[in-house]
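Okay, structure first, notes after.
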Number of protein chains: 2
Amino acid sequence: MMELTRKGEYAIRGIIYLAQLPPGKVALISEIAEAAEVPQTFLAKILQSFAKIGLVKSFRGAGGGFTLGRSAEQITLREVVEAVEGPILPNRCLLGAGTCERDGTCGVHPVWREVQGKVVEVLDGVSIKELAARKK
Amino acid sequence: MMELTRKGEYAIRGIIYLAQLPPGKVALISEIAEAAEVPQTFLAKILQSFAKIGLVKSFRGAGGGFTLGRSAEQITLREVVEAVEGPILPNRCLLGAGTCERDGTCGVHPVWREVQGKVVEVLDGVSIKELAARKK
DNA sequence: TATAAAAGGACTAAAACGGTCCTAAAGGTG
DNA sequence: CACCTTTAGGACCGTTTTAGTCCTTTTATA
Ligand code: SF4
Ligand code: SF4
C-alpha cells in the first residue's frame, strides 16, 4: 500500500541534484539524469511539469537547462511528491464531503484523515535543502 | 498518492459488518455484500483470501457463511489493510537493505521510514471492534 | 439425493505505469 | 541570417494493476 511511483522517486532525486548545485547554476537535463541515475526522457517530462508550476525554472537554447524555482529551503518534500503524485489521499473519501455517501456515519473516515495528517506533517517537515545537505 | 484501492475499501466494510453481528452468527456473502454495498463476487474473493490467513472463518454448504476468525478487538485495521494491499511501504527501498543501492547515503530513505512508522502506528491503533461500534 | 453455500480458476475491459520517439519552438552564436 | 543547442509538446507503446465477472468444483447440510 501507498507506494511512491518511479516518477515520484525520480522527481525527488532530480530536484535534490539541482539543490546541490551552486546557486544560480543551470544544469542540463542530460547531466541531471546521469547524476540521479534516471531515464533522461522521463525525467525531462517531470521537470517540464515542474517548470509549469514554478518548482523549477527552465531555459532553452545553448547554455540552457534547469535551476530550482526558489531556494531549496523553501521547497518541501511534500510539494515535490504532490506535484508528481497528486495530493496525499489515503482514501478517496478525503477528497471532499459527499465523495462517499457513507462518510457521515462512517467510523473509518476519521482514521484516514488522521493518516493523511501524519503523512503530510512528516513530508512538510523536510525541505529539499535538508535532503541535499544530508546526501553530500 | 497512497490511495487505498476499492479492494481495500470493500474488505474493511465487509469485515466491519461481520464485527457488528452477534458473536457466533454466520453471514452469507450475499448478505454481507448487500449490507456493505459492495459487488458480491468481488467481496467473495476478498473474504476467501481472508479465510486462508485466518482473518475470517468460512463454512460451506447450507447454513454456511462467514464469521470473524477471532474477536473483533484482536483484529486491527492494519491487518485488514495489509492483508489486501500488502505491507505499508511508502517506497520500495523500505522492503530491505540493498533494494536501492543508494540507501546507504540517501537522505530521503529515513523520511520514508518515518512515514511508514506513523501510518502503521495509526492503523495499528484502531481495532475492527472500535470501528464496528462507532458505526452502529 | 438434492440443495446450498463457499472455493477455485479462467477470463476481461479499462486504467495506470513507465517509459520512448519525433517534431516544434525558443534562445544563443558566428 | 543561418546554425546549433536545448527545452516543450504530443503521440505512441508494452506491461502491469485494478476491478471486476462467470463458470465449474468442492464441501456440507437437510
Ligand atoms: S465507507 Fe467510510 S472510509 Fe470508506 S470511503 Fe466511505 S467514508 Fe471513506
Ligand atoms: S534513492 Fe533513497 S529514497 Fe530513493 S529508493 Fe533509494 S534509498 Fe529509497
Side-chain angles (χ1 to χ4, degrees), chain A residues 1-15 18 25-34 36-69 81 83-87 89 91-92, chain B residues 1-15 17-18 25-34 36-69 81 83-87 89 91-92 100:
Chain A
M1 189 208 181
M2 312 190 355
E3 266 182 64
L4 194 70
T5 63
R6 306 270 166 166
K7 205 164 137 189
E9 171 68 21
Y10 295 163
I12 296 167
R13 288 200 213 164
I15 211 159
L18 285 181
K25 162 135 210 237
V26 304
L28 296 182
I29 185 68
S30 54
E31 176 192 340
I32 308 170
E34 192 181 14
E37 292 172 285
V38 156
Q40 182 177 326
T41 59
F42 198 15
L43 182 62
K45 294 292 183 194
I46 298 168
L47 291 188
Q48 279 158 26
S49 76
F50 282 5
K52 272 194 213 161
I53 59 174
L55 219 50
V56 304
K57 270 186 277 197
S58 67
F59 306 93
R60 317 218 257 198
F66 293 89
T67 327
L68 290 187
V81 168
V84 100
E85 309 269 7
L89 285 176
N91 202 346
R92 292 166 179 74
Chain B
M1 190 208 182
M2 313 192 353
E3 264 180 66
L4 195 70
T5 63
R6 308 270 166 153
K7 203 164 140 190
E9 171 67 22
Y10 295 162
I12 295 168
R13 289 201 214 164
I15 211 157
Y17 178 80
L18 285 180
K25 163 133 210 243
V26 303
L28 295 182
I29 185 67
S30 54
E31 175 192 340
I32 308 170
E34 192 180 15
E37 292 171 288
V38 157
Q40 181 177 325
T41 59
F42 197 16
L43 182 62
K45 295 290 183 195
I46 297 168
L47 290 189
Q48 280 159 24
S49 77
F50 282 4
K52 274 194 211 160
I53 58 172
L55 219 50
V56 305
K57 270 187 278 198
S58 67
F59 307 92
R60 314 218 258 198
F66 293 89
T67 327
L68 289 187
V81 169
V84 102
E85 309 269 7
L89 286 176
N91 201 347
R92 291 165 179 78
C100 174

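In what follows, chains carry the letters A, B, and so on, assigned in the order in which the sequence lines appear, proteins first and then strands, with residues in each chain numbered from 1. Computed from a predicted structure; not experimentally measured.
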ask   = Between D:dA28 atom P and B:K57 atom NZ, what is the distance in whole Å?
value = 15 Å

message = D:dT21, OP1 or OP2 - any side-chain N/O from B:T41 closer than 4.0 Å?
response = yes

message = Of the listed nucleotides (D:dA8, D:dT21, C:dC21), which one gets closest to any side-chain atom of A:S58?
response = D:dA8

task = Take atom CD of A:E85 and atom C1' of C:dA16, then tell me their distance rounded to the nearest Å.
result = 12 Å

query = To the nearest angstrom, how far is B:L43 atom CG from C:dG8 atom P?
reply = 16 Å

key: Under 4.0 angstrom between B:Y10 side-chain N/O and D:dG20 OP1 or OP2   = yes

message = Could you tell me how far apart B:I46 (CD1) and D:dG20 (P) are, to the nearest whole angstrom?
response = 9 Å

query = Between atom NZ in B:K52 and atom P in D:dT26, what is the gap in whole Å?
reply = 16 Å

request  = Consider only side-chain N and O atoms of B:T5 and B:E85, and report whether a donor and an acceptor are under 3.5 Å apart.
outcome  = yes

message = Just so I know, are the side chains of B:T67 and B:F59 near enough to count as touching, which here means a heavy-atom distance under 4.5 Å?
response = yes

request  = Calculate the interatomic distance between B:E31 atom CD and C:dA5 atom P; express it in whole Å.
outcome  = 11 Å

task = Give the rounded distance in Å between these two atoms: CD1 of B:I29 and P of D:dG20.
result = 14 Å

key: Side-chain-base donor-acceptor pair under 3.5 Å for A:R60 and D:dT6   = no

inquiry  = Assess the residue pair B:V38 and B:I46 against the criterion (side-chain contact (heavy atoms from CB on, under 4.5 Å)); give the C-alpha distance rounded to whole Å, side-chain angles, the decisive distance to 0.1 Å, and a yes or no.
reply    = CA-CA 11 Å; B:V38 157; B:I46 297 168; 5.8 Å; no

message = Can you identify which nucleotide, out of C:dG19, D:dT18, D:dG20, has its nearest atom closest to the B:T5 side chain?
response = D:dT18

key: Interatomic distance, B:F66 CZ vs D:dA28 C1' [rounded to whole Å]   = 14 Å

ask   = Taking A:R13 for the side chain and A:A33 for the main chain, is one N or O donor matched with an acceptor at less than 3.5 Å?
value = no

remark   = Per nearest nucleotide of DNA chain D, the residue lying toward the 5' end, A:F59 or B:Q40, is A:F59

ask   = Just to confirm, is there a sub-4.0 Å distance from OP1 or OP2 of C:dA5 to any side-chain nitrogen or oxygen of B:S30?
value = no

task = Counting heavy atoms from C-beta on, name the nucleotide in D:dT5, D:dT7, C:dA5 closest to the side chain of A:L28.
result = D:dT7

message = Just N and O in the side chain of A:Q48: are any of them under 4.0 Å from OP1 or OP2 of D:dA8?
response = yes

query = Are any of the side-chain heavy atoms of B:C100 and B:R92 separated by less than 4.5 Å?
reply = no

ask   = Can you find a donor-acceptor N/O pair under 3.5 angstrom joining the side chain of A:K45 to the base of C:dG19?
value = no

